[in-house]
Amino acid sequence: MRRSARPPLEPQRKSSTLHYQTFPTKPPVSRGRPPSSSPPYNGSHGQGSDSDEAHHESPLPRKQLAILAVIALAEQTAFNSISPYLPEMASTFPEVKNGQVGLYVGLIASSFALAQFATNFFWGWLSDRIGRKPVILTGTLLTAACFVAFGFCRTLWQAIVVQIFMGLVNGNQGVVSTCLGEITDRSNQSRAFTYLPVVYGIGGITGPIVGGLLVLKDNPFQKGQPNPYPYLLPNLFSAGVLVIDMVLSMMFLEESLEEARALPPLGKRVGNLFSWLWQFSSSSRPTYLRRWIGKGQRDHRHRHMDGVEEERDTALDSGDDSAPMLFLEHTRTKLTRKEIFNRDTVLLLLTYFIFQLANISYNSLYPIFGAADPPTGRELNPEEIGLSLAFAGVITIIFQIGIYGKLRERIGNKTTYRVSLAAFVVAFLLMPWVGYKDGGKGWLWAELGFVLIIKTVAAVGGLTSALLLITNSAPNNSVLGTLNGLAQTLSAAGRAAGPFISGGLFSAATRVQPKGEALAFGIFGGVSFIGFSLSFGIRGESLEAEGWDEEEASGEEDTQSDVEDGNERSGLLRK
């Protein structure tokens, strides 16, 4: 007999694998084979639950993951290509005076983020109505056009207007996250989401290379003459990358929103749109308007007439007077606002805003702090700052590929998210003390590398965990695009406000002695601590991956204790 009354762990963990899908409605939509059925539990102690979970893990839809990676890489390469030449480009504008380049660079960058703040929610909502693929294709095409226009900008207001349009028409980052959530399930979503920040990191390397190497200051057609559009070539290259991305998406990207597959093909829907506009502007009553009016009248008659009249109305509905089919008509039960924006979702969105605000503020503060003169700064040259950022990028890829997945499997999505927010607090508080005591360049680089590793781990782990938590918090996949759009809206708000706030705080810190540099870092460390504290309110059990149990660690300890007790009793019997 066993002395412990604790039940074995396998039945409890087995039950989680039966509900493998991300949403409580339908399994994930992908071309991968469905997960194999599990053998019935026989109650024998010793069958490891880890092997069961590996047996039940759904295969990754690699083709769709590959095309989503292409979309993300193309956009990150294009967007990051602007940063190397933007300060020099802004200095050529006649409205920009000497000493104001930094201010107007921030203004141009913030105009893009503010525009995204205004429309990211709309793009997410629209993807719930017309499907993910049309939104991605539309955003990619319009963004490519904006890059071409940006290459021809020669004044400040032109650059700002183009950046505003670029932000307005592109909401693909949230839609890509939505697609990832729909083509994966809880047994394999961690592996899929792990590689998304890796793609962003690669785009952070390829983009600056494109933007830095393709600037042509000399006119290639007239030797000795300055090029009137020196920044056109990198923008044309970025636009070409996006056009190739759009063509590949048209050919290989599948619609991940299952309900949207009932809609006509994209070309037919475009034709329906023009038909709708033509009928709307014509003098006669549109056919779809006649149908809607007739439907209301028939619905009223249904309450008073018999089945003969109903049969006649059905025949009328099957006629040619039908509305051009443009949007998805949701037939499922409508969700209330409380069901969508529950406590976990609200806290997730709020802490995600704090996370993005802290991340972009740190990215803005560090170059300013590194380049500033002592005692406020550390007097690093641009090459040293660039080298340290490249080091952080390499650490990002290594951590994401080799460490994050195992860490998340051990402590879960929620704990990983909390640890990331806590790591931001530590990174903000430590950075002002880097190089505070003069110990030479070697000691400075050792301290700097240590703090940047903490910040990088916080940024990468927090982003991946946040995307997983937001995906799993959606009560239904019909609102997943809206939630991701709202999350990206808050992200854009943080990216718009962070540089201005952090820059203003550091400017004020230069007049504070001693340790004025700790002012800005300390304030954002406090903001990160608020996010860390709020994250403890995120408690939903459905936010974790399949097969993960919050009591797993304690359960494994209990199991080990039971085994030791059994061995001890066996020894006594042998005596």
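Note that this is a predicted model, so its numbers are computed, not measured.
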Notebook entry, point to check: Excluding sequence neighbours, so at least two apart, what forms side-chain contact (heavy atoms from CB on, under 4.5 Å) with Pro226?
Noted result: none
Item checked: By side chain to side chain donor-acceptor pair (under 3.5 Å) - contacts of Glu75 (at least two apart) -> Asn170, Asn172
Would you be so kind as to tabulate the donor-acceptor pairs closer than 3.5 Å made by side chains of residues 447-455, with sequence neighbours excluded?
| from | atom 1 | to | atom 2 | distance (Å) |
| --- | --- | --- | --- | --- |
| Glu447 | OE1 | Gly435 | N | 2.6 |
| Glu447 | OE2 | Trp443 | NE1 | 2.5 |
| Lys455 | NZ | Asn359 | OD1 | 3.2 |
| Lys455 | NZ | Asn363 | OD1 | 2.7 |

Note to self: Taking side-chain hydrogen bond (donor to acceptor under 3.5 Å, both in side chains) as the cut-off, I'd like each qualifying pair that reaches into residues 416-431, sequence neighbours left out, listed once.
What the structure shows: Thr351-Tyr417
Item checked: Partners passing side-chain contact (heavy atoms from CB on, under 4.5 Å) against Tyr200 (at least two apart in sequence or in another chain) -> Ala72, Gln76, Gln173, Leu196, Leu463
Margin query: Tyr404: which residues meet the ring pair (Phe, Tyr, Trp, His ring centres under 6.0 Å) condition with it, sequence neighbours left out?
Written below: none
Note to self: Strictly by side-chain hydrogen bond (donor to acceptor under 3.5 Å, both in side chains), give each pair with a member in residues 521-534 just once, sequence neighbours left out.
What the structure shows: none
Notebook entry, point to check: Partners of Thr138 by side-chain contact (heavy atoms from CB on, under 4.5 Å), sequence neighbours excluded?
Noted result: Trp123, Leu142
Check: Phe121: what forms a ring pair (Phe, Tyr, Trp, His ring centres under 6.0 Å) with it, not counting sequence neighbours?
Finding: none
Check: Which pairs with one or both residues in residues 82-94 pass salt bridge (Lys or Arg N to Asp or Glu O under 4.0 Å), sequence neighbours excluded?
Finding: Glu88-Lys217
Next item on the list: Write out all pairs satisfying ring pair (Phe, Tyr, Trp, His ring centres under 6.0 Å) with one or both partners inside residues 135-175, taking only residues at least two apart or from two chains.
Entry: Phe79-Phe147, Phe152-Tyr229
Next item on the list: Sequence neighbours left out, what passes side-chain contact (heavy atoms from CB on, under 4.5 Å) with Ile209? Give chain and number order.
Entry: Ile205, Leu213
